[in-house]
A.B. asks: 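This is the structure, below, for whatever I ask next.
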Amino acid sequence: MELLRSASRGLGAVNRYLKGVLGEDSYDKYLDHHRATGCATAPMNVKEFWRDKTDRQDANPEGRCC
């Protein structure tokens, strides 16, 4: 049983790592930053966030490989 729990924790860590590498956790990081800075405006919803992110990447492609 302990082996299964250990494997589950390991897979969870791999999952979190991959989400970080692929940028899937970007919205969560945005919300954390928004809360931490005490921004007076409401945060963007998920759809608005991803639209804004892709628009910024398209306007400034120097950080991308392709």
Side-chain angles (χ1 to χ4, degrees):
M1 195 61 149
E2 183 59 35
L3 181 62
L4 289 175
R5 275 185 245 153
S6 179
S8 177
R9 283 192 299 269
L11 288 175
V14 169
N15 187 33
R16 285 188 300 279
Y17 171 76
L18 289 175
K19 284 184 176 185
V21 169
L22 298 174
E24 189 176 333
D25 63 349
S26 296
Y27 183 68
D28 293 331
K29 288 180 180 179
Y30 160 73
L31 289 177
D32 290 343
H33 175 75
H34 193 273
R35 276 186 229 104
T37 57
C39 191
T41 61
M44 292 182 270
N45 65 35
V46 174
K47 186 176 180 179
E48 292 168 335
F49 171 80
W50 287 109
R51 172 55 33 209
D52 179 66
K53 184 173 176 72
T54 56
D55 287 349
R56 282 185 284 117
Q57 287 176 335
D58 288 344
N60 302 300
E62 71 273 349
R64 295 168 55 190
C65 67
C66 306

A.B. asks: If a pair satisfies salt bridge (Lys or Arg N to Asp or Glu O under 4.0 Å) and one of its residues is in residues 32-46, list it, with sequence neighbours excluded.
C.D. replies: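 Sorted result for residues 32-46: Asp32-Arg35.
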A.B. asks: Mind checking who shares a hydrophobic cluster with Leu31, ILVMFWY linked at side-chain heavy-atom distances under 4.5 Å?
C.D. replies: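 Listed partners: Tyr27, Tyr30, Met44, Val46, Phe49, Trp50.
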A.B. asks: Let's go through His33 and Lys29 carefully: what are the C-alpha distance in whole Å and the side-chain angles of both, what is the deciding distance for side-chain contact (heavy atoms from CB on, under 4.5 Å) to 0.1 Å, and is it a yes or a no?
C.D. replies: CA-CA 6 Å; His33 175 75; Lys29 288 180 180 179; over 6 Å; no
A.B. asks: The criterion is salt bridge (charged side-chain N to carboxylate O under 4.0 Å, His left out); which residues satisfy it with Asp55, sequence neighbours excluded?
C.D. replies: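 Testing Asp55 for salt bridge (charged side-chain N to carboxylate O under 4.0 Å, His left out), a comparison that skips the adjacent residues, returns Arg51.
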A.B. asks: Taking only distance into account, with no hydrogens and no angle test, what donor-acceptor pairs under 3.5 Å do side-chain atoms of residues 19-26 form with protein atoms, sequence neighbours excluded?
C.D. replies:
unit_1	atom_1	unit_2	atom_2	d
Ser26	OG	Gly23	O	2.7

A.B. asks: Who are the side chain to side chain contact (heavy atoms under 4.5 Å, CB included) partners of Ser6, not counting sequence neighbours?
C.D. replies: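 Ser6: side chain to side chain contact (heavy atoms under 4.5 Å, CB included) contacts with Arg9.
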A.B. asks: Under 4.5 Å side-chain heavy-atom separation, chaining through any Ile, Leu, Val, Met, Phe, Trp or Tyr, what else clusters with Met1? Say none if it is isolated.
C.D. replies: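 Members alongside Met1: Leu4.
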A.B. asks: Under the salt bridge (charged side-chain N to carboxylate O under 4.0 Å, His left out) rule, collect the residues that match up with Glu48, sequence neighbours excluded.
C.D. replies: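 None.
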A.B. asks: Can you pull the ring pair (Phe, Tyr, Trp, His ring centres under 6.0 Å) pairs that have at least one residue in residues 5-26, sequence neighbours excluded?
C.D. replies: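 Counting only pairs at least two positions apart or across chains, no ring pair (Phe, Tyr, Trp, His ring centres under 6.0 Å) contact touches residues 5-26.
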A.B. asks: Mind checking what makes side chain to side chain contact (heavy atoms under 4.5 Å, CB included) contact with Ser8, not counting sequence neighbours?
C.D. replies: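 Ser8: no side chain to side chain contact (heavy atoms under 4.5 Å, CB included) contacts found.
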A.B. asks: Could you pull out all residues at least two apart from Arg16 that satisfy side chain to side chain contact (heavy atoms under 4.5 Å, CB included)?
C.D. replies: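 For Arg16 the side chain to side chain contact (heavy atoms under 4.5 Å, CB included) partners, ignoring immediate neighbours, are Ala13.
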